[in-house]
Amino acid sequence: MKRTIIRDLLKSEEFDRTVVVKGWIRNRRGSKNVAFVALNDGSTINNVQIVVDFEKLGENIMDGVGVGSSLSVEGQLIESQGGGQKMEIVAEKFEVLGIADPKTYPLQPKKHSLEFLREIAHLRFRTNTFGAITRIRHAMIFSVHQFFNDRGFYNIHTPIITSSDAEGAGEMFQVTTLDLQNTPMNEANEVDYKSDFFGKKTNLTVSGQLEAELAALAMGQVYTFGPTFRAENSNTTRHLSEFWMIEPEVAFNDIVDNMDLAEDMLKYCVQYALDNCKDDLEFLSKRLQEEEKGKKEADRSMELIEKLNFVAQNDFERVTYTEAIRILKNSKPNKKKKFDYVIEDWGADLQSEHERYLVEKHFKKPVILIDYPANIKAFYMKLNEDGKTVRAMDILFPGIGEIVGGSEREADLETLKSKMAALDIPEDEMYWYLDTRRFGSVPHSGFGLGFERMMLFVTGMSNIRDVIPFPRAPKQAEF
RNA sequence: UCCUCUUUAGCUCAGUUGGUUAGAGCACCUGACUGUUAAUCAGGGUGUCCUAGGUUCAAGUCCUAGAAGAGGAGCCA
């Protein structure tokens, strides 16, 4: 008989029929004659209760079969005789597929710390929390593709290995097949990359943007959704060395179109989670409230589902950098010098504390900041008519900070070339990028959205290492 | 990379001014119980007190160095 997925079974109203379920034991209770097993197969956060009658199946049938053991059970699906669940399966055939030795199996039916679970990331899928996160992560991936597909975007696979080191998005991981014990050197006593695999120095990508621009300037609307690698020594709750980034790039879009696209997309994905991940979100919401019980009421976060609804239904605040500086200069913490970095003049880079103030205290909603000073932003961003600001946009989310960074791109060849020259970016290595401005250049815009940062927001988790299955961070490449 | 904190049983944590045999809850083991809901009840402690030095009659506790983890900052998505 074919197994029924537990998610489908729990939706069923058809009782008094034989079913087969397979899964892992989450908990077991019972007495001398009967045991109750909570079985989970990953399809849903909910377990199905198996009733094991020892008289019928043999009194030793569950010896040593504890939490974590895997089962195949055939039996009658009936309305539950006890409270607490709608239905249960009275086991008729009970097969243990694999024992989990209770002496060494590290998971218990109780709360484990997230730090401990990070150390056993290979097993943490088996917890309610990580099961929920994993299902939501899938739904979010799916919603991203659906959003863009519905709007006629093409998904572009940009290269993971790149030779350009001009992207300026941080430290890179080098990719090489050279013998590090015996590195070949040239006459100038430099590493001889001519003998390396690609014949030149190569790295893992820090962004697919430049290549996405190439595609956008022919295909119109494109997006990438791939792994991204940054070799920064970042030890924070919102940085990973390996993360997934979504980078749409759209020909003919100006900065306002770009903001509209990013806001629509974030709202779409959040709404998708609300519509499709109800059970998991409810679990995570309860978990979060439980965790914050010890906090003062003022420090507690908004209830998760309420927070997601709020973001999905309300417009983001759109503010220029200049206006943000004005707000910050006049703010209480700035006047009372409560900020570590007091805002004095136009041109200052915004610190996390300033972004948090704007989002969490002043506007109390997601904020899109635009028109930053040119000198604190990347070379490819379009210069405004004022000659001193660029059409950059950062989207700041409560509790997370920057979730999106993007801009209208500089479409004018000469302006772009002079900015590259000022930053010592070699023109000849970037000829392919500049060619798009040489041949039929058009205004275009795009942004990068940190997928795991969106996951933090949607799940309400606070450490980015808990929303990716196998986190990569400095000194952390286990599993 | 910088600042702060933490590291004691499988897990979560307590351990007083340095003092004799290191504690609790859960898990686990043994037993009881005719249907449990984190089942309950009775009994059982399973330990490199992160590592290496040092101070002291005596160190889980104090000092130095290191490691790992957490939170914050920077870099950013």
Side-chain angles (χ1 to χ4, degrees), chain A residues 26-38 47 49-55 63-64 66-68 78 80-85 88 90 101-120 127-128 167-171 206-209 224-247 262 290 339-341 349-356 376-378 394-397 400-406 447-457 462-468 473-476 478:
Chain A
R26 280 298 174 79
N27 197 0
R28 55 166 291 194
R29 313 171 273 275
S31 59
K32 195 177 178 184
N33 300 323
V34 65
F36 300 93
V37 174
N47 304 321
Q49 173 154 283
I50 310 292
V51 183
V52 181
D53 184 338
F54 292 127
E55 265 177 58
D63 286 0
V67 174
I78 61 165
S80 182
Q81 309 294 293
Q85 59 278 318
E88 61 195 18
V90 181
D101 183 355
K103 285 198 189 100
T104 50
Y105 186 61
L107 292 168
Q108 301 159 27
K110 67 162 234 176
K111 279 225 167 64
H112 289 286
S113 67
L114 295 169
E115 290 84 356
F116 172 65
L117 293 173
R118 243 168 258 155
E119 287 168 18
I120 52 163
T127 64
N128 284 331
E167 290 165 39
E171 291 298 308
V206 292
S207 164
Q209 180 200 317
T224 74
F225 188 173
T228 309
F229 307 88
R230 305 258 168 105
E232 300 286 347
N233 193 6
S234 296
N235 291 287
T236 78
T237 52
R238 57 189 186 283
H239 287 88
L240 289 165
S241 308
E242 177 182 297
F243 64 100
W244 291 72
M245 187 154 65
I246 298 145
E247 295 178 287
E290 200 75 17
F339 284 138
D340 288 338
Y341 295 86
D349 210 348
L350 298 183
Q351 307 290 319
S352 304
E353 56 182 350
H354 306 131
E355 297 181 348
R356 270 206 315 276
I376 59 171
K377 287 291 182 183
D394 282 1
I395 303 187
L396 311 176
F397 261 41
I400 290 157
E402 187 176 342
I403 195 168
V404 165
F447 60 84
L449 177 127
F451 180 67
E452 282 76 17
R453 291 194 180 169
M454 181 165 75
M455 281 295 297
L456 281 178
F457 183 75
S462 50
N463 191 317
I464 202 161
R465 297 173 193 198
D466 294 330
V467 296
I468 188 168
K475 303 271 155 61
Q476 174 63 260
E478 189 78 22

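Below, chains carry the letters A, B, ... as their sequence lines are ordered, and counting in each starts from 1.
- We find the CE-CD distance between M245(A) and E452(A) to be 10.5 Å, quoted to the nearest 0.5 Å.
- Rounded to whole Å, atom P of U36(B) lies 18 Å from atom CD1 of I50(A).
- Looking at residues two or more places apart in sequence or on another chain, you find no side chain to side chain donor-acceptor pair (under 3.5 Å) involving E355(A).
- When the P atom of G66(B) is taken as reference, atom NZ of K475(A) falls 13 Å away, rounded to whole Å.
- Nucleotide A77(B) holds its P atom 12 Å from the CD1 atom of I464(A), rounded to whole Å.
- Within the 4.0 angstrom heavy-atom criterion, no nucleotide atom of any strand lies near E242(A).
- Spacing between atom NZ of K32(A) and atom P of U36(B) amounts to 17 Å, rounded to whole angstrom units.
- Remark: the Q85(A) side chain and the U36(B) base include a donor-acceptor N/O pair separated by less than 3.5 Å.
- Between the CZ atom of F36(A) and the P atom of A38(B) there is a distance of 14 Å, given to the nearest Å.
- Annotation: the span from M455(A) atom CE to I400(A) atom CD1 amounts to 11.0 Å, rounded to 0.5 Å.
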Can you name the atoms? Protein N/O to nucleotides 72-74 of chain B N/O, anything below 3.5 Å, with the distance.
residue: G72(B); atom: OP2; partner: T237(A); partner atom: OG1; Å: 3.2
residue: A73(B); atom: OP1; partner: R356(A); partner atom: NH1; Å: 2.8
residue: A73(B); atom: OP2; partner: R238(A); partner atom: NH1; Å: 3.4
residue: G74(B); atom: OP1; partner: Q351(A); partner atom: OE1; Å: 2.7
residue: G74(B); atom: OP1; partner: S352(A); partner atom: N; Å: 3.2
residue: G74(B); atom: OP2; partner: S352(A); partner atom: OG; Å: 2.6
residue: G74(B); atom: N2; partner: N233(A); partner atom: O; Å: 3.1

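- For the atom pair T228(A) OG1 and F243(A) CZ, the distance stands at 4.5 Å (nearest 0.5 Å).
- Distance noted for atom P between A38(B) and U46(B): 31 Å (whole Å).
- Within 4.0 Å (heavy atoms only), V67(A) reaches no atom of the nucleic acid at all.
- Q209(A) places its CD atom 9 Å from the P atom of A77(B), with the value rounded to the nearest Å.
- With sequence neighbours excluded, the residues forming a side chain to side chain contact (heavy atoms under 4.5 Å, CB included) with T104(A) are D101(A), listed by chain and number.
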Atom pairs, N/O to N/O, protein against nucleotides 8-11 of chain B, distance under 3.5 Å?
residue: G10(B); atom: N2; partner: Q108(A); partner atom: OE1; Å: 3.3
residue: G10(B); atom: N2; partner: Q108(A); partner atom: NE2; Å: 2.7
residue: G10(B); atom: N3; partner: Q108(A); partner atom: NE2; Å: 3.4
residue: C11(B); atom: O2'; partner: H112(A); partner atom: ND1; Å: 3.4
residue: C11(B); atom: O2; partner: K110(A); partner atom: NZ; Å: 2.8

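- On the C1' atoms, G69(B) is 43 Å away from A32(B), given to the nearest whole Å.
- Remark: the separation of the P atoms in G72(B) and G31(B) is 49 Å, to the nearest Å.
- Contact check, N463(A) against G71(B): a side-chain N or O comes under 4.0 Å of OP1 or OP2.
- Residue contacts shown for G82(A) include a base, since a base heavy atom lies under 4.0 Å away.
- Residue ring and base: F451(A) does not count as stacked with A77(B) (centre distance below 5.5 Å and interplanar angle below 30° not both satisfied).
- In this structure, L107(A) reaches neither bases nor backbone, as no heavy-atom distance under 4.0 Å exists between it and the strands shown.
- Considering only heavy atoms from C-beta on, F229(A) stays 4.5 Å or farther from V206(A) through its side chain.
- Every residue was checked against the side chain to side chain donor-acceptor pair (under 3.5 Å) condition with S241(A), not counting sequence neighbours, and none meets it.
- The environment of OH in Y341(A) is sparse: at most 12 heavy-atom neighbours from other residues, nucleotides or ligands sit within 6.0 Å.
- Only the P atoms considered, U20(B) is 23 Å distant from G10(B), to the nearest whole Å.
- In terms of polar N and O atoms assigned as donor or acceptor, the side chain of E88(A) comes within less than 3.5 Å of the base of G35(B) in a complementary pairing.
- Rounded to a whole Å, the CG atom of L449(A) is 17 Å from the P atom of C76(B).
- The separation of G60(B) from G23(B), taken at their P atoms, amounts to 14 Å, rounded to a whole angstrom.
- Annotation: salt bridge (charged side-chain N to carboxylate O under 4.0 Å, His left out) contacts of R356(A) (sequence neighbours excluded): none.
- In terms of the salt bridge (charged side-chain N to carboxylate O under 4.0 Å, His left out) criterion, E247(A) has no residue partners (sequence neighbours excluded).
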Secondary structure of RNA chain B per the Watson-Crick/G-U criterion (both distances under 3.5 Å; [ ] crossing, | other strand, . unpaired) is (((((((..((((.....[...))))((((((.......))))).)...(((((..]....))))))))))))....
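- A gap of 28 Å separates the P atoms of U21(B) and C26(B), to the nearest Å.
- Closest non-hydrogen pair, V34(A) versus F54(A), comes out as N-CD1, 3.7 Å.
- Residues D394(A) and S462(A) both approach RNA chain B. Their nearest nucleotides, taken by heavy-atom distance, put S462(A) toward the 5′ side.
- When distances are taken from the side chain of P102(A) to each of A70(B), U36(B), C29(B), the shortest belongs to C29(B).
- Remark: E402(A) CD to L449(A) CG distance equals 10.5 Å, nearest 0.5 Å.
- Here, A59(B) and C50(B) have their P atoms 15 Å apart, quoted to the whole Å.
- Among the protein residues, Q81(A) comes within range of the nucleic acid bases, having at least one heavy atom under 4.0 Å from a base atom.
- For a distance-only test at 3.5 Å, the side chain of R29(A) fails to qualify as a donor-acceptor partner of the base of A38(B).
- Put simply, CZ on R118(A) is 8 Å from C1' on A70(B), counting in whole angstrom units.
- Heavy atoms of G66(A) sit nowhere under 4.0 angstrom from any nucleic acid atom.
- Put simply, R28(A) has no side-chain N or O that comes within less than 4.0 Å of OP1 or OP2 on A38(B).
- Comparing the same atom, P, in G74(B) and in U12(B) gives a spacing of 30 Å after rounding to whole Å.
- Put simply, CZ on R453(A) and CD1 on I464(A) are 6.0 Å apart, with the number rounded to the nearest 0.5 Å.
- Applying the side chain to side chain donor-acceptor pair (under 3.5 Å) test to D394(A) and every residue at least two apart in sequence or in another chain returns Y372(A), K377(A).
- Checked against side chain to side chain donor-acceptor pair (under 3.5 Å), Q85(A) has the following partners two or more places apart in sequence or in another chain: S80(A).
- Within 4.0 Å (heavy atoms only), R465(A) reaches sugar-phosphate atoms of the nucleic acid but no base atom.
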Might you list the N or O atoms of the protein lying below 3.5 Å from N or O atoms in nucleotides 46-52 of chain B, with each pair's distance?
none

Protein heavy-atom contacts under 4.0 Å, written 5' to 3' over nucleotides 40-45 of chain B as B (base), S (sugar-phosphate only) or - (none), form the string ------
